[in-house]
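Structure, as structure tokens:
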Amino acid sequence: FYCYHSGGMQTDMRERAESYIGKSLDSLEGAIGAAGTTNYEEDEETGAQIGFHQYGDFTVATTVGEDGQEIVTSVW
């Protein structure tokens, strides 16, 4: 469910970010800019690197492919 506070701009950015699920992080950053903070963890099951990119009140998760390309997998 969505909460619309006075921060309508953040809600718009989150909806834009959600439209990039399945696309490259580069294209998302081209649209809404780089995250404030980014952390990486290793997926214990697959060994893949997972990126967590924090944008204000939402987070964009990515997986890092073997070619180094990051693909957006979810937004919350």
Side-chain angles (χ1 to χ4, degrees):
F1 85 113
Y2 290 105
C3 276
Y4 291 95
H5 330 242
S6 57
M9 177 74 185
Q10 282 287 0
T11 304
D12 293 344
M13 279 181 64
R14 179 180 171 151
E15 288 175 356
R16 285 184 73 184
E18 288 173 344
S19 74
Y20 284 87
I21 291 173
K23 299 179 182 170
S24 73
L25 179 65
D26 289 344
S27 64
L28 176 119
E29 288 180 340
I32 67 171
T37 58
T38 298
N39 295 296
Y40 290 92
E41 293 179 9
E42 187 172 313
D43 184 318
E44 293 175 8
E45 290 180 24
T46 65
Q49 287 288 310
I50 301 170
F52 298 96
H53 308 271
Q54 185 69 45
Y55 285 88
D57 63 355
F58 67 94
T59 300
V60 173
T62 60
T63 55
V64 183
E66 290 178 15
D67 59 359
Q69 178 80 279
E70 287 189 65
I71 302 300
V72 177
T73 55
S74 61
V75 177
W76 73 89

With sequence neighbours excluded, what pairs up with Thr38 under the side chain to side chain donor-acceptor pair (under 3.5 Å) test? His53

Sorted by chain and number, sequence neighbours left out, side chain to side chain donor-acceptor pair (under 3.5 Å) with Thr59 holds for Gln54

Does Ser74 use its side chain to pair, donor to acceptor, with the backbone of Ala61 at less than 3.5 Å?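 Side chain of Ser74 to backbone of Ala61, a donor-acceptor pair under 3.5 Å: no, none is there.
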
Could you tell me the separation between the OH atom of Tyr20 and the CD1 atom of Ile71, rounded to the nearest 0.5 Å? 13.0 Å

Let me check something: do [X] and [Y] share a hydrophobic cluster, defined by ILVMFWY side-chain heavy atoms less than 4.5 Å apart, either directly or through other members?
X	Y	answer
Val64	Val60	no
Trp76	Met13	no
Leu25	Ile21	yes

More than 12 heavy atoms of other groups within 6.0 Å of Gln69 CD: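 Above 12, so yes.
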
Return a table of donor-acceptor pairs under 3.5 angstrom between the side chains of residues 26-34 and protein atoms on other chains or two or more places apart.
{"residue": "Ser27", "atom": "OG", "partner": "Ser24", "partner atom": "O", "Å": "2.7"}
{"residue": "Ser27", "atom": "OG", "partner": "Ser24", "partner atom": "OG", "Å": "3.3"}

Set out, in order, the CA-CA distance, both residues' side-chain angles and the distance that settles side chain to side chain contact (heavy atoms under 4.5 Å, CB included) for Val72 and Thr62, then state yes or no. CA-CA 4 Å; Val72 177; Thr62 60; 4.3 Å; yes

